A.B. asks: 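The structure that follows is given in the form of structure tokens.
Just so you know, these numbers use all the heavy atoms, side chains as well, and skip hydrogens, waters and symmetry mates. Being a predicted model, the structure only gives us computed values, none of them experimental. Nothing fancy with the numbering, it's 1 onward along the sequence.
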Amino acid sequence: MSTRRPLRRLLVLVAVGLPPWTVIQWSSGTGANGYGAYFAYGIGDVAGPLGPHFTPLPTYVSQAVLNAYWLQAWPTAAFLYGCALASAALALVGREDRRVTAGLLAMAGASAGLHATGLVVHNARLAVLPLGTLLLWTAALALYRDALRRLIFVRPEST
């Protein structure tokens, strides 16, 4: 079995986690705009880990008070995305269930969307761009369309 297609899918999924998943813009009292970003691996400036104020996800989770459902949604999305990466990596040894990977990507996208929605509801002055939801759902549809179809439209086997 060739590993070219599974490797290509895995690399596409890795690329999905590199850009910011949620970009926020706020206005300060002086009229200047500020920008922030939530990545799959941390929170900081739009520039990501190259920016001066970047906090890796494990540090954020250990220090933040995650008492609202929408605050918990971003780390949950990152966890589900990591599980999807692991599931896609199993394809390299012929052990992936494509339905599991597709479902994990869909749930990660929904969780990232829940986080973005919570940001807007909590502070209506924020402009929020939920890129993670778009990226994760697009990857799920583009790479695992057949598996999503089989996941949703399950037909019982005749005996």
A.B. asks: Identify every side-chain donor-acceptor pair in residues 72-81 under 3.5 Å, counting partners at least two apart or on other chains, and give the distances.
C.D. replies:
residue	atom	partner	partner atom	Å
Gln72	NE2	Leu66	O	2.8
Trp74	NE1	Phe39	O	2.8
Thr76	OG1	Gln72	O	2.7
Tyr81	OH	Leu13	O	2.5
Tyr81	OH	Val14	O	3.4
Tyr81	OH	Gly17	N	3.1

A.B. asks: Listing request: all salt bridge (Lys or Arg N to Asp or Glu O under 4.0 Å) pairs with a residue in residues 134-147, at least two apart in sequence or in separate chains.
C.D. replies: Arg98-Asp146, Asp146-Arg150

A.B. asks: Considering only residues two or more places apart or on different chains, which pairs with a residue in residues 88-109 satisfy ring pair (Phe, Tyr, Trp, His ring centres under 6.0 Å)?
C.D. replies: none

A.B. asks: Considering residues at least two apart in sequence or located in another chain, which fulfil the side chain to side chain contact (heavy atoms under 4.5 Å, CB included) criterion with Val100?
C.D. replies: Ser87, Asp97, Leu104

A.B. asks: Could you pull out all residues at least two apart from Thr55 that satisfy side chain to side chain contact (heavy atoms under 4.5 Å, CB included)?
C.D. replies: Ile43, Thr59, Tyr60

A.B. asks: Are Tyr69 and Trp21 connected into the same hydrophobic cluster when the rule is that any two of I, L, V, M, F, W, Y join if their side-chain heavy atoms are below 4.5 Å apart?
C.D. replies: no

A.B. asks: Check residues 125-143 and write down every donor-acceptor pair under 3.5 Å in which the side-chain atom is one partner and the other belongs to a residue at least two apart or another chain.
C.D. replies:
residue	atom	partner	partner atom	Å
Thr133	OG1	Gly109	O	2.9
Thr133	OG1	Gly113	N	2.8
Trp137	NE1	Ala106	O	2.9
Thr138	OG1	Leu134	O	2.6

A.B. asks: One pair to check against side-chain contact (heavy atoms from CB on, under 4.5 Å): Thr117 and Trp70. What are the steps and the verdict?
C.D. replies: CA-CA 8 Å; Thr117 304; Trp70 61 272; over 6 Å; no

A.B. asks: Relative to the ring of Tyr38, is the ring of His115 parallel (under 30°), tilted (30 to 60°) or perpendicular (over 60°)?
C.D. replies: perpendicular

A.B. asks: What pair of heavy atoms forms the shortest contact from Ala88 to Leu10, and how long is it?
C.D. replies: CB-CD1, 4.0 Å

A.B. asks: Please write out which residues are connected to Val65 in a hydrophobic cluster, directly or through intermediates, given that two of Ile, Leu, Val, Met, Phe, Trp, Tyr count as joined at side-chain heavy-atom separations below 4.5 angstrom.
C.D. replies: none

A.B. asks: Which atom pair, heavy atoms only, marks the closest approach of Ala15 to Pro19?
C.D. replies: O-CD, 3.0 Å

A.B. asks: Other members of the hydrophobic cluster containing Val121, with the 4.5 Å side-chain heavy-atom rule, please.
C.D. replies: none

A.B. asks: Considering all heavy atoms of both residues, which atom of Thr22 and which atom of Ala116 are nearest to each other, and what is their separation?
C.D. replies: CG2-CB, 4.3 Å

A.B. asks: Could you please spell out the steps behind the side-chain contact (heavy atoms from CB on, under 4.5 Å) verdict for Arg4 and Arg8?
C.D. replies: CA-CA 6 Å; Arg4 293 178 81 185; Arg8 186 172 49 219; 5.8 Å; no

A.B. asks: Do Leu18 and Val12 land in one hydrophobic cluster if side-chain heavy atoms of ILVMFWY residues count as linked below 4.5 Å?
C.D. replies: no

A.B. asks: To the closest 0.5 Å, what do you measure between CZ (Arg99) and OG1 (Thr101)?
C.D. replies: 10.5 Å

A.B. asks: Taking all non-hydrogen atoms of both residues into account, name the closest pair between Ala102 and Tyr144 and its distance.
C.D. replies: CB-CB, 3.6 Å

